[in-house]
Amino acid sequence: MANSNVQFIMIFAIFAVTGALIPGNKIVALGQECDGDFQGLITQCTKYVQRQGSQTDPSPECCNVIKTLDVPCVCQHVTDDIQAVIDMAKVAHVAQYCGIPLAHGTTCGSFTIP
């Protein structure tokens, strides 16, 4: 269960990387190191984890994409740049909504799930 939780956080970290104004070479590097549908992550999930806007439930398409990712791998690559553009509380919400709740105390980047 905790492994699934960490995986979900990592997925959302990817959202931030792929959907934000972060240099594309970071996206390519992450995509080469971690498995998953990163293009789908960008197109289907970015709007649910960006810092801007209110928290909303993700679409079924976003949840389907999240389930393709190697979340533990992604979480290992969450940087300050990524955390500057995504709201980790929204990441936790999306994970929970998609059936992959994050365990209390799980750390991804510098964020710890309360």
Side-chain angles (χ1 to χ4, degrees):
M1 179 79 118
N3 207 10
S4 294
N5 293 336
V6 171
Q7 291 174 353
F8 191 80
I9 291 175
M10 292 183 228
I11 291 171
F12 286 106
I14 294 176
F15 296 149
V17 174
T18 58
L21 300 175
I22 296 175
N25 62 343
K26 290 185 180 182
I27 297 168
V28 172
L30 186 56
Q32 290 173 347
E33 294 182 28
C34 303
D35 293 330
D37 179 5
F38 292 93
Q39 183 62 39
L41 186 61
I42 294 167
T43 61
Q44 299 298 326
C45 301
T46 299
K47 65 183 175 182
Y48 302 110
V49 296
Q50 290 178 337
R51 286 200 172 274
Q52 298 176 347
S54 60
Q55 178 176 296
T56 59
D57 294 340
S59 66
E61 293 80 11
C62 175
C63 288
N64 289 338
V65 170
I66 290 171
K67 293 173 185 176
T68 72
L69 300 174
D70 178 352
V71 183
C73 180
V74 175
C75 200
Q76 293 174 6
H77 294 85
V78 174
T79 65
D80 290 342
D81 288 341
I82 292 170
Q83 292 178 103
V85 295
I86 65 165
D87 183 326
M88 294 306 288
K90 288 181 182 179
V91 168
H93 169 76
V94 171
Q96 170 94 23
Y97 186 89
C98 292
I100 307 172
L102 302 170
H104 299 290
T106 300
T107 302
C108 191
S110 64
F111 183 81
T112 301
I113 301 298

**Request:** Using only the SG atoms, establish whether C63 and C98 come within less than 2.5 Å of one another.
**Result:** yes
**Item:** Distance-only side-chain donor-acceptor flag, H93 / D87, under 3.5 Å
**Value:** no
**Message:** Can you tell me how far apart NZ (K47) and CD1 (I42) are? Round to the nearest 0.5 Å.
**Reply:** 14.5 Å
**Asked** Quick one: does V94's side chain get under 4.5 Å of C45's, heavy atoms only?
**Response** no
**Item:** Gap separating the CG atom of D57 from the CD atom of Q55, nearest 0.5 angstrom
**Value:** 7.5 Å
**Message:** Rounded at 0.5 Å granularity, tell me how far CZ in F111 sits from CD1 in I86.
**Reply:** 9.5 Å
**Request:** Check for a donor-acceptor pair, side chain of T68 on one end and backbone N or O of G36 on the other, with a separation under 3.5 Å.
**Result:** no
**Asked** At what distance, to the nearest 0.5 angstrom, does CG of N64 lie from CD of Q44?
**Response** 9.0 Å
**Request:** Drop me the distance from K90's NZ to R51's CZ, to the nearest 0.5 angstrom.
**Result:** 9.0 Å
**Request:** Check for a donor-acceptor pair, side chain of Q83 on one end and backbone N or O of S110 on the other, with a separation under 3.5 Å.
**Result:** yes
